[in-house]
Amino acid sequence: MEILYKSTRGNNETVPASAAILKGLSEDGGLFVPTQIPALDTDIETLSGMSYQEVAYTVMSKFLTDFTEDELKDCIARAYDKKFDTEVIAPLAKSDGAYYLELFHGSTIAFKDMALSILPYLLTTSAKKNHAENEIVILTATSGDTGKAAMAGFADVPGTKIIVFYPKDGVSPIQEKQMVTQKGKNTYVVSIRGNFDDAQTGVKNIFNDKNMTEELDGAGFQFSSANSINIGRLVPQIVYYVYAYATLYGNGEIEKDEKINVVVPTGNFGNILAAFYAKNMGLPIDKLICASNDNKVLFDFFRTGTYDKNREFILTTSPSMDILISSNLERLIFRLAGNDAKKNQEFMDSLKEEGKYTITGEMLEELKDFYGNYASEKETAETIKRIYEDTGYVIDTHTAVAAAVYEKYKEETKDGKKTVIASTASPYKFTRSVMEAIDEKYASMGDFELVDELSKISNTPVPNAIEEIRTAPVLHNTTVEVEEMPKIVKKILGI
Ligand SMILES: *Cc1c(COP(=O)(O)O)cnc(C)c1O
């Protein structure tokens, strides 16, 4: 069955997957969505006998129907290889009454690697299929993890350049060090004086600037996106939910067709949307538990039906979730609005003009697959400490937001279903916050001293990604104002 993609704001024009991946964002400013969600028709016995790569092919081939078998298998083989420090790619760790799906075993030790290690191959394959002659310029806004993972994926990939914008004071010390030490002739990192939403809006504005697009085209370039607005990010993320379910079944932890819950620490709503797509493919998922930090726009939205970004932007210890405009929510809104682009456009216009919108009661009713809650800074730190003390397992701040919200969910609902918690980053990426949560005595130690302490108390080796940056030289040090983003892009491209 062929799957085509259309814009959440467009007429009903459709494009094949490769064109949607290449464009990133639709010309009308909307996001590409599949015209239908394909069914997962492989039985669980077969799935549970498959490697990660095989599950990836099974799932992705249903969505990327204009890729040949060879093309897709080649992309998968290049992506999920020795860059990951475990053969299973996404292991499940049973701890504290839940299953932690560890999505941080790739080269930059956060879950962004799951999609960004394959996106460069999907994108260059898409360019070939569409006879795109221009050099592809990836523009990306990052709250810390996407930028590094995207650069690691695109570094020295022929026919591409990548420019990453991050909020100067909005990322962890290790995240910043990872980015500014990035090698590769085609990688550029720029910090902005603003927050993540400013960076993301700035990038979207550049994408939607027709004059700039024309200028670029004249100079032999075209933009694409590595943010989760690109459907090429979303599809690979569906894979690990299917893989996790198959692993649970293979390990005898669940019965055939047994429903599980999934908890996702959420920022841009990409990861949890992938879980929602997995559920819609037929994977037996019951509740999609959406965990927010103090920037709890989504919690309020699930409760009231009003999405309101007019509030203080709070810097937390889970910076990759410090987001007030969850871009991928638009894909869900479009769906709840009955795939009505005009209705969706009205909500998005209202978001742009007034910073908020309210969905209808009918749409709110449709949201019952989701449960939203949030964890404060204190609750997050306490959860890290408690789980470490009870079990010896050390989780990062983002995962801790999810674990804390799961506790609230259980208490509120008494739902005892088996539950998978998406563990989105290695504790080594947020060492300072993690260690200070465990014991105040760590506050006086240096960043890399803390890394060694973490290794001791968790009995885990220091990941390569951290070893690498201990001594790496800083290669990028440009900071600009938000308004200067288009100018710096032109400067980098020499136009
Ligand atoms: C990006 C990120 C998130 C949020 O994921 P979304 O897909 O944006 O909702 C959560 N945790 C970590 C560690 C991340 O890097």
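What you see below is based on every heavy atom in this structure, not just the backbone, and it leaves out hydrogens, waters and symmetry mates. All ligand and atom numbering here is 1-based and tracks the order in the structure.
- Judged by distance alone, the side chains of S117 and Y80 never bring a donor and an acceptor atom under 3.5 Å apart.
- Counted by atom type alone, N328 and R331 present one or more donor-acceptor pairs between their side chains at under 3.5 Å.
- Judged by a 6.0 Å distance limit and a 45° cone about the ring axis, R303 is positioned over the six-membered ring of F299.
- Between the side chains of S326 and N268, not a single donor N or O lies within less than 3.5 Å of an accepting N or O.
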Pairwise, report which nitrogen or oxygen atoms of ligand 1 are under 3.5 angstrom from protein nitrogen or oxygen atoms, and how far apart they are.
residue: ligand 1; atom: 7 (O); partner: G270; partner atom: N; Å: 3.2
residue: ligand 1; atom: 7 (O); partner: N271; partner atom: N; Å: 2.9
residue: ligand 1; atom: 8 (O); partner: N268; partner atom: N; Å: 2.7
residue: ligand 1; atom: 9 (O); partner: G267; partner atom: N; Å: 2.8
residue: ligand 1; atom: 9 (O); partner: N268; partner atom: N; Å: 3.2
residue: ligand 1; atom: 9 (O); partner: F269; partner atom: N; Å: 3.1
residue: ligand 1; atom: 11 (N); partner: T424; partner atom: OG1; Å: 2.8
residue: ligand 1; atom: 15 (O); partner: K112; partner atom: NZ; Å: 2.6
residue: ligand 1; atom: 15 (O); partner: D145; partner atom: OD2; Å: 2.5

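- Contact annotation: the side chain of E377 approaches that of T317 to within less than 4.5 Å [non-hydrogen atoms, C-beta and beyond].
- Looking at R432 and D447, a side-chain N of the basic residue comes within less than 4.0 Å of a carboxylate O on the acidic one, giving a salt bridge.
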